[in-house]
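Values reported hereafter were calculated over all heavy atoms of this structure, with side chains retained and with hydrogens, waters and symmetry mates removed.
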Amino acid sequence: MAAQIQYADVEVGTELPAASFPVQRATLVRYAGASGDFNPIHWNEKFAKEVGLPDVIAHGMFTMAEAIRVVTDWVGDPGAVVEYGVRFTKPVVVPNDDQGAVIEVTAKVAAKLDENRVRVDLTATSAGLKVLGMSRAVVQLA
């Protein structure tokens with residue numbers, strides 16, 4: 001695969017298509033199995049509350065992975081992401097109901113770099129709270 005977006009076609013301020021990612025308790029159990037992270041704060045409501053959390057929370061790395069999907073879907077090649085980092089600011093609280101939580105992600109090109117690369121800044125929120133801070137990716141464009 002290769003990036004489908006041309007460097008010459010992108011300007012600073014270009015907005016990527018926004019996306020919403022639903023998260024339910026079952027999603028967290030599947031992620032725990034895939035990642036090997038069975039920390040009970042991600043599946044046991046009683047334990048999560050005992051340690052001071054409002055409820056079960058999504059894995060930070062799961063939240064991070066969902067957010068970068070906005071970039072990989074836009075560029076057309078997950079391998080085009082050459083750097084990615086975030087600061088975890090608030091947890092994604094996942095209630096035990098039929099709706100769960102939703103992670104809302106927007107992104108825009110913040111800088112054009114050398115060698116056909118751009119920096120994309122992402123904003124990820126859930127329940128109106130910013131859940132990732134300093135969320136940035138460097139992307140290799142065509």
Side-chain angles (χ1 to χ4, degrees), residues 1-7 10-142:
M1 297 180 79
Q4 298 173 4
I5 304 294
Q6 298 291 317
Y7 181 81
V10 175
E11 299 297 330
V12 170
T14 298
E15 294 185 12
L16 284 60
S20 298
F21 304 101
V23 186
Q24 294 183 324
R25 295 275 178 98
T27 310
L28 301 181
V29 171
R30 286 191 297 273
Y31 182 82
S35 68
D37 181 354
F38 293 102
N39 187 323
I41 63 173
H42 303 304
W43 56 270
N44 184 314
E45 184 174 335
K46 180 179 180 288
F47 183 85
K49 288 181 176 182
E50 284 176 354
V51 297
L53 295 168
D55 208 331
V56 165
I57 63 170
H59 302 72
M61 296 304 286
F62 172 82
T63 304
M64 191 176 172
E66 291 291 76
I68 197 64
R69 288 175 55 190
V70 167
V71 177
T72 59
D73 289 351
W74 171 69
V75 76
D77 178 9
V81 176
V82 296
E83 293 178 29
Y84 179 43
V86 307
R87 179 178 294 157
F88 300 107
T89 57
K90 298 280 184 195
V92 175
V93 178
V94 183
N96 190 21
D97 59 18
D98 292 337
Q99 296 183 4
V102 177
I103 302 168
E104 304 280 350
V105 183
T106 59
K108 68 179 178 178
V109 175
K112 291 185 83 168
L113 309 172
D114 294 335
E115 300 176 7
N116 288 5
R117 293 181 175 187
V118 296
R119 190 187 88 216
V120 176
D121 290 354
L122 298 93
T123 300
T125 61
S126 182
L129 299 173
K130 191 172 183 180
V131 295
L132 298 177
M134 300 296 293
S135 184
R136 296 179 174 171
V138 174
V139 183
Q140 180 70 55
L141 300 181

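- Residues passing the side chain to side chain donor-acceptor pair (under 3.5 Å) test with Gln4: none are found, sequence neighbours excluded.
- The backbone N or O of Asn39 lies less than 3.5 Å from a partner atom in the side chain of Asp37, making a donor-acceptor pair.
- From Asn116, atom CG reaches atom CD1 of Ile5 across 13.0 Å, with rounding to the nearest 0.5 Å.
- Residue pairs meeting the ring-ring contact (aromatic ring centres under 6.0 Å, His included) criterion with at least one member in residues 111-133, sequence neighbours excluded, do not occur.
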Let me check something: any side-chain donor-acceptor pairs from residues 134-142 under 3.5 Å, sequence neighbours excluded? List them with distances.
| unit_1 | atom_1 | unit_2 | atom_2 | d |
| --- | --- | --- | --- | --- |
| Gln140 | OE1 | Arg117 | NE | 2.7 |
| Gln140 | NE2 | Glu115 | O | 2.7 |

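- Closest approach of Val131 and Pro91 over heavy atoms only: CG1-O, 4.0 Å.
- Here the side chains of Ile57 and Val92 are not in contact, with every heavy-atom distance at 4.5 Å or above.
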Name the atoms and distances for all side-chain donor-acceptor pairs under 3.5 Å in residues 119-129, with sequence neighbours left out.
| unit_1 | atom_1 | unit_2 | atom_2 | d |
| --- | --- | --- | --- | --- |
| Arg119 | NE | Asp121 | OD1 | 2.8 |
| Arg119 | NH2 | Asp121 | OD1 | 3.4 |
| Arg119 | NH2 | Asp121 | OD2 | 2.9 |
| Ser126 | OG | Val102 | O | 2.9 |

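- Of all the heavy atoms in Val70 and Ala107, the pair that sits closest is CG1-CB, 4.0 Å.
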Mind listing the side-chain donor-acceptor pairs of residues 19-29 below 3.5 Å, one per line with the distance, residues two or more places apart or on another chain?
| unit_1 | atom_1 | unit_2 | atom_2 | d |
| --- | --- | --- | --- | --- |
| Ser20 | OG | Glu104 | OE1 | 2.4 |
| Ser20 | OG | Glu104 | OE2 | 3.2 |
| Gln24 | NE2 | Asp98 | O | 2.7 |
| Arg25 | NE | Val94 | O | 2.8 |
| Arg25 | NH2 | Glu45 | OE1 | 3.4 |
| Arg25 | NH2 | Asp55 | OD1 | 2.7 |
| Arg25 | NH2 | Val94 | O | 3.2 |
| Thr27 | OG1 | Gln24 | N | 3.2 |
| Thr27 | OG1 | Gln24 | O | 3.4 |

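- In this structure, the side chains of Val109 and Leu16 come closer than 4.5 Å at one or more pairs of heavy atoms.
- For the pair Thr106 (side chain) and Ala18 (backbone), a donor-acceptor distance under 3.5 Å is absent.
- Looking at residues two or more places apart in sequence or on another chain, you find a side-chain contact (heavy atoms from CB on, under 4.5 Å) between Asp97 and Pro95, Gln99.
- Each salt bridge (Lys or Arg N to Asp or Glu O under 4.0 Å) pair with one or both residues in residues 68-79, not counting sequence neighbours, appears once here: Glu66-Arg69.
- Residues satisfying the side-chain contact (heavy atoms from CB on, under 4.5 Å) criterion with Lys112, sequence neighbours excluded, are Tyr7, Val12, Val118.
- Annotation: side chain of Val56 is not in contact with side chain of Ile41 (no heavy-atom distance under 4.5 Å).
- Among residue pairs with one or both ends in residues 56-104, those qualifying as ring-ring contact (aromatic ring centres under 6.0 Å, His included) are Tyr31-His59, Tyr31-Phe62, His42-His59; sequence neighbours excluded.
- Qualifying side-chain contact (heavy atoms from CB on, under 4.5 Å) partners for Pro40, counting only residues two or more places apart in sequence or in other chains: Trp43, Asn44, Phe47.
- Listed by chain and number, the residues in a salt bridge (charged side-chain N to carboxylate O under 4.0 Å, His left out) with Glu83 amount to none (sequence neighbours excluded).
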